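Written below as structure tokens is the structure these notes are about.
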Amino acid sequence: MAAQQHTVTATPFQQAVWEAIRQIPTGRVTTYGDIAAYLGTKAVRAVGTAAGRNPNAPQVPCHRVVCADGKIGKYSGPGAVKRKKELLSHEGVEIAGGKIVDFETLRYRF
DNA sequence: AACTTGACAGCAG
DNA sequence: GCTGCTGCCAAGT
């Protein structure tokens, strides 16, 4: 009888968000709003919250998720935003003035 | 069970 | 063009 294990069962919503982010290929970016729309909801805030709580760091490239205006948004850890810029720049996404260059072009569509 | 917070987005001033 | 408020939904306290 298996007692309830301490398995941190993330809610279906969270898993859906991580799966959506996981589909973003390298050198590509998407917005929280797009993910929300892909999930069929308007809860862009909830999507952002889910991304911040993402325990699958390398598997879920949440650094490829930015604001709808092409701004970087936020990230977790010290020097978070700066690190996010570096990661994106390293993947071929050019950033200028804290915003993505040719954002609409690099924007990935589900 | 209720209130507050939160990795946003859109519109008004 | 920037700042501020509102709306959205879920998770945490």
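Just so it is clear: chains get the letters A, B, ... in the order the sequence lines come, proteins before strands, and each one is counted from 1. Only a predicted model underlies this, so the values are computations on that prediction, with no experimental measurement involved.
- A:K71 has its NZ atom 9 Å from the P atom of B:dA9, to the nearest Å.
- Among all heavy-atom pairs drawn from A:Q59 and A:P61, the shortest one is O-CD, 3.2 Å.
- In this structure, A:T31 reaches the sugar-phosphate backbone alone: every heavy-atom distance under 4.0 Å involves primed, P, OP1 or OP2 atoms, never a base.
- The pair A:R83-A:E86 does not meet the salt-bridge criterion, since no charged nitrogen lies less than 4.0 angstrom from a carboxylate oxygen.
- Atom CD1 of A:I72 and atom P of B:dC8 are 12 Å apart (whole Å).
- Among all heavy-atom pairs drawn from A:T31 and A:R107, the shortest one is OG1-NH2, 3.9 Å.
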Fill in the blank from the handout: Applying the Watson-Crick and G-U criteria (both distances under 3.5 angstrom) with [ ] for crossing and | for other-strand pairs, one obtains for DNA chain C .||||||.|||||
For nucleotides 8-13 of chain C, list the nitrogen or oxygen atoms of the protein found under 3.5 Å from its nitrogen or oxygen atoms, one pair per line.
| unit_1 | atom_1 | unit_2 | atom_2 | d |
| --- | --- | --- | --- | --- |
| C:dA11 | OP1 | A:T11 | OG1 | 2.2 |
| C:dG12 | OP1 | A:R53 | NH1 | 3.3 |

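- Remark: the backbone N or O of A:K74 is paired with a side-chain donor or acceptor of A:K84 at under 3.5 angstrom.
- Between the NZ atom of A:K74 and the C1' atom of B:dT5 there is a distance of 12 Å, given to the nearest Å.
- Between the A:Q15 side chain and the A:A10 main chain, a donor and an acceptor come within less than 3.5 Å of each other.
- Distance NE2/A:H90 to OG1/A:T26: 11.0 Å, rounded to 0.5 Å.
- Using cut-offs of 30° and 60° for the angle between ring planes, the A:Y75 and A:H63 rings count as perpendicular.
- Closest non-hydrogen pair, A:Q14 versus A:A46, comes out as OE1-O, 4.4 Å.
- Counting only distance, with no hydrogens or angles, the side chain of A:R64 and the backbone of A:I24 share a donor-acceptor pair below 3.5 Å.
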Enumerate the protein-to-nucleotides 10-13 of chain B contacts in which both atoms are nitrogen or oxygen and the separation is below 3.5 Å.
none

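- Across every non-hydrogen atom of A:W18 and A:R53, the tightest pair is CZ2-O, 3.8 Å.
- Nearest approach of A:F110 to A:T30, heavy atoms of both residues: CE1-OG1, 3.9 Å.
- A:G33 comes within contact range of the sugar-phosphate backbone alone, with a heavy-atom separation under 4.0 Å but no base atom that close.
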